[in-house]
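This structure is a prediction, so every number in the text was calculated from the model and none was measured.
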Amino acid sequence: MKRKRAEAVIEAVLFTMGESVEIGRLADVIEEDVKTLTDILKGMEERYAREDRGITLVRFEDSVQLCTKEDMYEYLVKIAKVPKKMSLTDTVLETLSIIAYKQPVTRAEIERVRGVNCDHAINKLLEYDLIAELGRLDAPGRPLLFGTTEQFLRCFGVGKLEELPELNPVQIEEFKQQAEAEVQLQLDV
């Protein structure tokens, strides 16, 4: 397939899907290998940047998505409803960070780290599509395993989990102290 035609097909697929598409699947669609597809995607990204377009390609671990550039958001708000904002409390953020760094992880493991029940936080994270059920642990009771989603990567501006900042020992100690304070508050009530 000629390069110009391949780019048109890629744009059509990504626009129509409206979500990320695995690179391997895109390569199959344009009947090229992954290396050739990757070269085409790189050229498209460069052209979008050079021509000051309103769209860009966003890459995730093994997929790509056609998205509106961040600096276009103010114009989108003028024509579309303002999207529902996520309300991430400290408790929800702490739960999310445990899942992000320890995934796949069970509810019991999260609660062991936090020291408190995390049902509400997990439900909120599932509702916001920041985490997903990844299956079940092969252990008694077969507990659910949780992990982060592409939406998590998108919201926090990272392309892959390896780009998450490393936790330092001071931060870990602060998390423990906050969890212990929450436990004490619940015991006092």
Legend entry - T106 side chain reached by L145 side chain, heavy atoms, under 4.5 Å: yes
Legend entry - Pairs involving residues 133-148, ordered by first then second residue, that meet side chain to side chain donor-acceptor pair (under 3.5 Å) (sequence neighbours left out): Q103-T148
Legend entry - Single-linkage hydrophobic cluster, 4.5 Å side-chain cutoff, F15 and M72 together: no
Legend entry - Side-chain touch L88/Y128, heavy atoms, less than 4.5 angstrom: yes
Legend entry - Atom pair OG/CG of S63 and L14 - distance to nearest 0.5 Å: 10.0 Å
Legend entry - Test salt bridge (Lys or Arg N to Asp or Glu O under 4.0 Å) applied to K160 and D62, step by step: CA-CA 9 Å; K160 52 188 171 188; D62 61 349; over 6 Å; no
Inset, instruction - Side-chain contact test, heavy atoms from C-beta onward, threshold under 4.5 Å: evaluate it for L66 versus L57 and give yes or no. - result: yes
Legend entry - Shortest non-hydrogen contact from A100 toward L164: CB-CD1, 4.0 Å
Legend entry - Validation row: V113, E94 side chains within 4.5 angstrom (heavy atoms): no
Inset, instruction - Check side chain to side chain contact (heavy atoms under 4.5 Å, CB included) between E31 and all other residues, then give those that pass, not counting sequence neighbours. - result: none
Inset, instruction - Give the minimum heavy-atom separation between G147 and I99, together with the two atoms involved. - result: CA-CG2, 3.8 Å
Inset, instruction - Sequence neighbours left out, what pairs pass ring-ring contact (aromatic ring centres under 6.0 Å, His included) with at least one residue falling in residues 140-165? - result: F152-F156
Legend entry - Note, N117 side chain near E111 side chain (heavy atom, < 4.5 Å): yes
Legend entry - Residue list, side chain to side chain donor-acceptor pair (under 3.5 Å) with E45, at least two apart or on another chain: R59
Inset, instruction - For K42, enumerate each residue passing the salt bridge (charged side-chain N to carboxylate O under 4.0 Å, His left out) test, keeping only those at least two apart in sequence or located in another chain. - result: E46
Inset, instruction - Return the set of residues passing side chain to side chain contact (heavy atoms under 4.5 Å, CB included) with I23 (not counting sequence neighbours), or none when no residue passes. - result: V34, L37
Inset, instruction - Report yes if the side chains of F60 and Q65 come closer than 4.5 Å at any heavy-atom pair, otherwise no. - result: yes
Inset, instruction - Would you indicate whether the side-chain heavy atoms of V116 and T91 approach each other to under 4.5 Å? - result: no
Legend entry - Partner residues of D52 under the side chain to side chain donor-acceptor pair (under 3.5 Å) criterion, sequence neighbours left out: none
Inset, instruction - Please report the closest heavy-atom contact between I55 and K69, naming both atoms and the distance. - result: O-CE, 3.3 Å
Inset, instruction - Evaluate side chain to side chain contact (heavy atoms under 4.5 Å, CB included) for T56 paired with E70, printing each intermediate quantity in order. - result: CA-CA 9 Å; T56 189; E70 287 181 30; over 6 Å; no
Inset, instruction - Enter the distance from I110:CD1 to I122:CD1 here, rounded to the nearest 0.5 Å. - result: 4.0 Å
Legend entry - Any residue meeting side chain to side chain contact (heavy atoms under 4.5 Å, CB included) with N123, in chain and number order, not counting sequence neighbours: L126
Using atom types as modelled, flag every donor-acceptor pair under 3.5 Å from a side chain in residues 4-13 to any protein atom, sequence neighbours excluded.
unit_1, atom_1, unit_2, atom_2, d
E7, OE1, R47, NH1, 2.5
E11, OE2, Y48, OH, 2.5

Inset, instruction - Identify whether I98 and L144 are in the same connected component of the hydrophobic contact network (ILVMFWY, side-chain heavy atoms under 4.5 Å). - result: yes
Legend entry - By side chain to side chain donor-acceptor pair (under 3.5 Å) - contacts of E51 (at least two apart): R53
Legend entry - Pairs flagged by side chain to side chain donor-acceptor pair (under 3.5 Å) wherever residues 17-30 is involved - sequence neighbours left out: S20-E150
Legend entry - side chain to side chain donor-acceptor pair (under 3.5 Å) involving D33 - partner list, sequence neighbours excluded: T36
